[in-house]
Amino acid sequence: MMFTHADANPVLELSDEQSWKLLEGTKHGRLVVSVAGEPDIFPVNYLVSNRKLYLRTAPGNKLAQLTINAKVLFETDGILSEEAWSVVLRGTARVLTNSSELAAVEELGLKTWVPTLKDFYVEIEPSSISGRHFVFGEQPEREI
């Protein structure tokens, strides 16, 4: 088991530190954006550096939407045979344009998974992070 649950509770609220450790150890997730009350979700690969999240993108809906409304959600998770976890980060996205910032993020080595041109780097500055860990099992009998 990745985490110890008190009182055999199948759901554990993770600390910020535990959530960051999981976020840093994973390379894929989902970016949620919303414009004019219409949410959209995009699978992305990413990396974390100095408690900020970075991803690459090409021109299109994702880039346009996070430029219009910079408030985003990011979710990543993991599922094993007997346990699972989920981490949600809320934050503000911005497209990096400063040459020194671009040089620094390029040194991190974030590669695209798909062989397409993704010339824009996006940084997500977190405002909050939360995570939960789950232990699988059968639904208990309802007490009468």
Side-chain angles (χ1 to χ4, degrees), residues 1-140:
M1 248 348 112
M2 294 174 72
F3 300 100
T4 302
H5 292 224
D7 302 324
N9 188 334
V11 180
L12 173 67
E13 297 289 329
L14 300 176
S15 69
D16 286 1
E17 288 300 318
Q18 291 168 321
S19 297
W20 275 108
K21 185 171 177 134
L22 290 170
L23 189 70
E24 290 167 353
T26 307
K27 302 298 176 212
H28 63 281
R30 286 151 295 285
L31 177 69
V32 180
V33 297
S34 180
V35 174
E38 290 295 322
D40 211 346
I41 188 167
F42 300 93
V44 296
N45 67 300
Y46 71 96
L47 59 76
V48 172
S49 179
N50 296 319
R51 296 255 166 131
K52 293 181 181 178
L53 191 139
Y54 296 93
L55 57 100
R56 292 176 71 168
T57 190
N61 287 344
K62 181 185 342 156
L63 184 62
Q65 290 176 19
L66 65 83
T67 302
I68 293 167
N69 181 3
K71 298 296 182 187
V72 298
L73 289 174
F74 182 84
E75 190 271 344
T76 188
D77 53 36
I79 301 172
L80 303 171
S81 61
E82 297 180 7
E83 59 188 317
W85 57 267
S86 175
V87 172
V88 174
L89 180 137
R90 297 177 192 283
T92 303
R94 71 182 180 97
V95 178
L96 299 180
T97 57
N98 176 292
S99 60
S100 63
E101 289 177 324
L102 289 167
V105 76
E106 283 180 359
E107 286 185 21
L108 297 175
L110 178 59
K111 304 290 184 201
T112 63
W113 281 359
V114 181
T116 58
L117 294 174
K118 296 191 177 182
D119 295 328
F120 294 91
Y121 285 94
V122 174
E123 173 190 88
I124 300 175
E125 174 81 38
S127 57
S128 69
I129 189 169
S130 62
R132 296 189 301 165
H133 181 260
F134 312 97
V135 176
F136 296 152
E138 295 296 320
Q139 178 175 318

(Q) Which heavy atom of Pro126 sits nearest to which heavy atom of Ile124, and what is that distance? (A) CD-O, 3.5 Å
Q) Which distance, rounded to the nearest 0.5 Å, do you find between the CZ of Arg132 and the CG of Asp77? A) 11.5 Å
Q | Spatial distance of atom OG (Ser127) from atom CG (Leu89) [nearest 0.5 Å] | A | 7.0 Å
**Q.** Within-4.5 Å side-chain heavy-atom neighbours: Leu22 and Thr76
**A.** no
Q. Taking the side chain from Asp7 and the backbone from Asn9, do they hold a donor-acceptor pair closer than 3.5 Å?
A. no
(Q) Check this for me: does any side-chain nitrogen of one of Arg51 and Glu17 sit under 4.0 Å from a carboxylate oxygen of the other? (A) yes
Check residues 80-88 and write down every donor-acceptor pair under 3.5 Å in which the side-chain atom is one partner and the other belongs to a residue at least two apart or another chain.
from  : atom 1 : to     : atom 2 : distance (Å)
Glu83 : OE1    : Met2   : N      : 2.9
Glu83 : OE1    : His133 : NE2    : 2.6
Ser86 : OG     : Glu75  : OE2    : 3.0

Q. Do Phe136 and Ile79 have side-chain heavy atoms sitting under 4.5 Å apart?
A. yes
Q) Where do Leu102 and Leu96 come nearest, in terms of heavy atoms and distance? A) CD2-O, 3.6 Å
Q: For Glu138, check salt bridge (Lys or Arg N to Asp or Glu O under 4.0 Å) against everything at least two apart and list the hits.
A: none
Q) Hey, are the side chains of Asn69 and Val33 touching, using non-hydrogen atoms and a 4.5 Å cut-off? A) no
Q | With sequence neighbours excluded, residues passing salt bridge (Lys or Arg N to Asp or Glu O under 4.0 Å) with Glu125 | A | Lys52
Q: For the pair Ser19 (side chain) and Gly131 (backbone), establish whether a donor and an acceptor sit closer than 3.5 Å, ignoring hydrogens and angles.
A: yes
Q | Donor-acceptor pair, side chain of Thr26 and main chain of His28, under 3.5 angstrom | A | no
Q | Leu31 and Leu66, any side-chain heavy atoms less than 4.5 Å apart | A | yes
Q: Keeping the roles fixed (side chain from Asp40, backbone from Lys62), state whether a donor-acceptor pair exists under 3.5 Å.
A: no
Q. Under 4.5 Å between any side-chain heavy atoms of Ile129 and Leu14, yes or no?
A. no
Q) Does Arg56 use its side chain to pair, donor to acceptor, with the backbone of Thr112 at less than 3.5 Å? A) no
Q | CG/Asn50: more than 12 non-hydrogen atoms of other groups inside 6.0 Å | A | no
Q.
For the OG1 atom of Thr57 and the NZ atom of Lys118, what is their distance to the nearest 0.5 Å?
A. 6.0 Å
Q: Specify the closest pair of heavy atoms between Leu117 and Ala58, including all atoms of both residues, with the distance to one decimal.
A: O-CB, 3.3 Å
**Q.** Atom of Leu110, atom of Leu55 and distance for their closest heavy-atom approach
**A.** CD2-CA, 3.5 Å
Q | Heavy-atom pair of closest approach, residues Leu12 and His5 | A | CB-CE1, 3.4 Å
(Q) So if I apply the ring-ring contact (aromatic ring centres under 6.0 Å, His included) rule between Tyr46 and each of Tyr121, Trp113, Phe74, Tyr54, which one comes out positive? (A) Phe74
Q) Under 6.0 Å from the NZ atom of Lys27, do we count more than 12 heavy atoms belonging to anything else shown? A) yes
Q | Distance-minimising heavy-atom pair for Glu13 and Gln18 | A | O-OE1, 4.5 Å
